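No experiment lies behind these values; they were computed from the predicted model shown. Position 1 is the first residue of the sequence; numbering continues from there.
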Amino acid sequence: MTSAIFFGVAGLAFVAAVFLGGAAGTVALVERFGVAEGLALSGVAVALVGGVALAIQAILSRRTRYRARLAAQRRSEALAEVADDGLRRTREAIPATLPAVAALSFALTTMLLRQSKR
């Protein structure tokens, strides 16, 4: 819980630093080029940074979807392999258990028939 609070505070500090940096950059551009040109250049810089951030987000989103699809495919393959292995073991075990199942079913049937005759 404490680490989550610290991460939250660190995130807020990072966002504040980014905004202060942007404000300082805007002030520097306005002082260098004048009000109109400085604000226009600042707007272009913000648009470029936003475009780069959107491009990075799109790449990471595509990568995340690809990895999720790959993980689902691997899980399906692993489940299919486990099912095939279980089916193979069952097929190998059935002939060995048939005599025991037959004896058990005979004993249960005999017991039920004896009780119904009484």
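- With sequence neighbours left out, Thr110 forms a side chain to side chain contact (heavy atoms under 4.5 Å, CB included) with Phe106, Arg114.
- Within the hydrophobic cluster formed by Ile, Leu, Val, Met, Phe, Trp and Tyr side chains joined at under 4.5 Å, directly or through other members, Leu87 stands alone, with no partner residue.
- Annotation: side chain to side chain donor-acceptor pair (under 3.5 Å) contacts involving residues 4-25, sequence neighbours excluded, are absent.
- With sequence neighbours excluded, the residues satisfying salt bridge (charged side-chain N to carboxylate O under 4.0 Å, His left out) with Asp85 are Arg88, Arg89.
- Clustering of Ile, Leu, Val, Met, Phe, Trp and Tyr by side-chain heavy atoms under 4.5 Å joins Phe19 with Val15.
- Of the inter-residue distances, the one linking Leu108 atom CG with Leu113 atom CG reads 11.0 Å to the nearest 0.5 angstrom.
- Residue Val52 belongs to a hydrophobic cluster whose other members are Ile56, Leu60, with links defined by side-chain heavy atoms closer than 4.5 Å.
- Hydrophobic side-chain contacts under 4.5 Å tie Val49 to no other Ile, Leu, Val, Met, Phe, Trp or Tyr residue.
- For Ser61, the side chain to side chain donor-acceptor pair (under 3.5 Å) partners at least two apart in sequence or on another chain are Arg65.
- The side chain to side chain donor-acceptor pair (under 3.5 Å) pairs that include a residue from residues 2-25 number zero, where partners must be two or more places apart or lie in different chains.
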What pairs of donor and acceptor atoms, side-chain ones from residues 33-48 against any protein atom, are under 3.5 angstrom apart with sequence neighbours left out?
| residue | atom | partner | partner atom | Å |
| --- | --- | --- | --- | --- |
| Ser42 | OG | Thr26 | OG1 | 2.7 |

Show me the donor-acceptor pairs, under 3.5 Å and distance only, between side chains in residues 66-84 and residues at least two apart or in other chains.
| residue | atom | partner | partner atom | Å |
| --- | --- | --- | --- | --- |
| Gln73 | NE2 | Glu77 | OE2 | 3.4 |
| Ser76 | OG | Ala72 | O | 3.0 |

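- The side chain to side chain contact (heavy atoms under 4.5 Å, CB included) check on Arg32 picks up nothing, with sequence neighbours excluded.
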